[in-house]
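Scope of the values below: all heavy atoms of this structure, side chains included, with no hydrogens, waters or symmetry mates. A, B, ... follow the sequence lines: proteins, then strands. Residue 1 opens every chain.
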Amino acid sequence: MSIPIRSLTLNEYLLPGNAACPGCPATMGLRMLGKALEGKYVLVIPACCSTIIEGPYPKSSYGVPVLNIAFAASPSAAAGVKAGFEVLGKRDVHVVVWAGDGGTADIGMASLSGAAERNDDIIYVCYDNEAYMNTGIQRSSATPYAAWTTTTITGKGEHKKNLPMIMAAHGIPYVATASVAYPLDFVAKVRRAASIRGMRYIHLHCPCPTGWRFPSDKTVEVGRLAVQTGLWPLYEIDHGIFKLSDICKPLLDKRNRKPIEEYIKIQGRFSRVSKEQLAELERYVESLWNEIALMIEKSKTSGAAG
Amino acid sequence: MARTEILTGNYAVAYGAKLSRVQVISAYPITPQTSIVEKLDEFVESGELDARYVRVESEHSAMAACIGAAATGARAFTATSSHGLMYMSELVWWAGLGKFPLVMAVVCRALAPPWSIWSEHNDVLAHRDSGWIIFFAEDNQEVLDLIIQSYRICEDERVLQPVMVALDAFILSHTSTPVSIPEQSDVDGYLPPPGSRRKPFILDIENPLTHGNLTYPEYFMEFRYEIEKSMNSARRVIVEAGRRYGEITGRYYDSLVEDYRCSDADVVLVNVGSSSGDAKEAVDLLRDEGYRVGLLKLRAIRPFPFEDLRRICDGKRYIGVFDRNYSFGYGGILHCEVSSALSGIKVPVQGFVGGLGGRDVTVDNYVNIFKTLIDMADRGVEPKPPLWVGLREVV
């Protein structure tokens, strides 16, 4: 699924002069989100980099209303916003949570799970930069195996929490993975999400130059390599039906995946990865795609196209 | 015509919220608050109350959902108790410091360990600096009346701060007494239409505003000073709201305090909450014996009723303060606050601590407290460290 770039509005809902680092993927995602929803949304933002990106009072770089809220509280705050809109008859405004991986996979997990179980009518975007970047690069449960952070100085010992699949296990109507390196794919997924009611979850991969230790003009390149090496598969689970995104369809054949070394060699956070760790990463990618193949098969047998 | 029903304190809360036409309810059950959220669920599911009920997975989320709803301008309500309030604490402060007008009933219960489900006031008083207006109710009628008044107060443009209504666990929450329930039409005339509020902040895509973003030191203090200005205005608004409430119900609440036979008293005891009824009875008994004693019940803890307290206590021979709470290494929290508020007035203030974890506080206890104060006054004794009332010998 893709859409022509000319169909996007010229309006910007992330304003210039924001306080992001150079090469920030979150700002790329925020721009695309705004173009996808054309300003008809409010943002609920927990503590994360985007708290800083919006800039200090009395200014704001976000062209839509924003409710900043405490770290663990964004899904339930968004549920409250939606409930408020409903009782006041404002049904045409999307409530979007824009939260980092810490606020989603870690401290916000309980309230996220609660919102998913209730099928609250919100769009939740986790922009995943794979660590606590706002506090200065500490590990989160979304940090990948072997990656350096300031709290995993010899490399993280555990794999990334598979949050999209955890969300899918809640049985919510829509789950998707996306990457800022494929903006039109992300826009298309936001639009698909916007056409559905209930809990919608999009997990947006966000390579962070500051935390991942790569030059700030390489954000897209790194993001593409994450997808092309198979480490970050792009898919949707739309009403239970698994759909591998077109970009990733060739990667079902492992010969079409780029070697993981290409992804890790341009990032300082993987500079000390050993042969054994690399082999473990390869095994991880293999298991990821085996699962995907199974899910495609399952969706086919359930009568829908994979 | 108002009708009278036999209601528990918890049902009085639920009826108060229903009469206030709350639009979004979000709550998590906790003993002894549970029957509030059950009754409200019943109201919503039966269609008696047109509200959205967000059945959250924790108190932290309950307050977050109420903040979210309040941010749209909807009328939000929640209720909790003890550990629920503590778990919610981060968002309680967010609501107060963010000026989100909403109302919460807190059934006061002791914190663990050891586990206790009975009354104590430390849960509420731990939040006295969070920017919330805090009321303590004496009986179930006051519970219902305070919930309704709280919406008029919190949505007043001079205030725009959230309100907590505290009621004692079991003593009020589960005890049934006659409660007069006002007519819906009277309450509709008393409160602003639900959802009509535009200030201080409404999420509106036509007029985008950012709430709660980073603020540098050059602006931060002004945000805090705004809350202090609201609290100061609230003193007047509370009195106005209570007076107007009297016009529709005949029950006037025209002060932040209740002065019970204090005017000619030599000795005055300061108290809050449900045990004030027992204290009043002790006052009557002692008055019959010729002792000139009085009770000063604080209805509001925040804003603190400085002026009433100073006016009523000035010139007395002795003041006592009864605390159903404790600040370890210091004393009773209200004792500390009352002493501080009375500075400059030459009156000795003696603290008493009791009723912790639901320990019974009886009329006899209050008679003894008054007699202790009279004795201290007669002997010209300086106040001592807080006296623990009804303490068993440690074995």
Side-chain angles (χ1 to χ4, degrees), chain A residues 13 15 19 37 39-46 50-90 92-95 107-108 110-118 120 122, chain B residues 21-26 28 50-76 78 88-91 93-95 98 100 102 194-196 201-220 222-223:
Chain A
Y13 298 95
L15 310 177
L37 298 177
K40 289 193 178 62
Y41 61 105
V42 300
L43 283 173
V44 177
I45 302 181
S50 297
T51 316
I52 305 303
I53 294 168
E54 68 188 321
Y57 173 89
K59 295 177 180 174
S60 169
S61 64
Y62 298 153
V64 292
V66 181
L67 176 65
N68 286 280
I69 197 75
F71 210 178
S74 52
S76 38
V81 171
K82 190 66 195 182
F85 280 157
E86 277 178 10
V87 296
L88 297 172
K90 294 183 184 174
D92 56 342
V93 183
H94 291 290
V95 180
I107 197 170
S111 55
L112 177 63
S113 177
E117 185 268 334
R118 290 188 303 272
D120 284 329
I122 59 175
Chain B
R21 294 193 190 276
V22 297
Q23 294 171 301
V24 176
I25 300 160
S26 185
Y28 187 81
D50 183 18
R52 271 290 316 272
Y53 199 125
V54 187
R55 296 168 183 87
V56 282
E57 76 298 334
S58 75
E59 288 88 352
H60 195 270
S61 285
M63 185 48 68
C66 285
I67 289 170
T72 69
R75 187 168 287 169
T78 190
M88 182 193 275
S89 186
E90 183 188 26
L91 276 300
W93 288 70
W94 200 281
F100 291 96
L102 56 96
S196 61
F201 169 71
I202 299 292
L203 289 165
D204 176 10
I205 55 170
E206 304 302 325
N207 182 26
L209 284 164
T210 300
H211 189 280
N213 54 337
L214 178 74
T215 305
Y216 288 149
E218 62 183 310
Y219 290 109
F220 191 89
E222 284 68 23
F223 279 92

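Taken to the nearest 0.5 Å, the CZ atom of Phe71(A) stands 11.0 Å off from the NE2 atom of His60(B). Atom CG of Leu214(B) is separated from atom CD1 of Ile52(A) by 5.0 Å, given to the nearest 0.5 angstrom.
Heavy-atom pairs under 4.5 Å with chain B were tallied for Ser74(A), Ala79(A), Ser111(A); the largest tally goes to Ser111(A). Among Ala74(B), Ala65(B), Gly98(B), the residue with the largest count of heavy-atom pairs under 4.5 Å with chain A is Ala65(B). Between chain A and the residues Ala76(B), Ala70(B), Ser61(B), Pro194(B), the most heavy-atom pairs under 4.5 angstrom are made by Ser61(B). Between chain B and the residues Val42(A), Leu88(A), Asp120(A), the largest count of heavy-atom pairs under 4.5 Å involves Leu88(A). Comparing Gly84(A), Ala110(A), Ser76(A), Gly114(A) by how many heavy-atom pairs each has under 4.5 Å with chain B, the most go to Ser76(A).
If you measure heavy-atom distances from Val56(B) to chain A, the contacts under 4.5 Å come from both the backbone and the side chain. Only the side chain of Glu90(B) has a heavy atom closer than 4.5 Å to any heavy atom of chain A. For chain B, the nearby parts of Ile69(A) are the backbone and the side chain; heavy atoms of each come within less than 4.5 Å. The part of Val64(A) that comes within reach of chain B is its backbone (N, CA, C, O), which places non-hydrogen atoms under 4.5 angstrom from that chain. Residue contact with chain A, scored on non-hydrogen atoms closer than 4.5 Å, involves the side chain of Phe223(B) exclusively. Of the atoms belonging to Lys90(A), it is side-chain heavy atoms, and not backbone ones, that fall under 4.5 Å from chain B. Ala19(A) does not touch chain B: none of its heavy atoms, backbone or side chain, sits under 4.5 Å away. Residue Ser58(B): no heavy atom, backbone or side chain, is found under 4.5 Å from chain A.
The heavy-atom pair separating Arg55(B) from Arg118(A) by the smallest distance is O-CD, 3.1 Å. The minimum heavy-atom distance linking Tyr219(B) with Pro58(A) is given by the pair CE1-CD, 3.5 Å. Minimum heavy-atom separation, Phe201(B) to Leu67(A): CE2-CD1, 4.5 Å. Minimum interatomic distance between Val54(B) and Ala83(A) (heavy atoms only, all atoms of both residues): CG2-CB, 3.9 Å. In plain terms, the two heavy atoms of Asn213(B) and Asn68(A) that are nearest each other are N-ND2, 3.4 Å. Closest non-hydrogen pair, Pro65(A) versus Leu203(B), comes out as CB-CD2, 3.8 Å.
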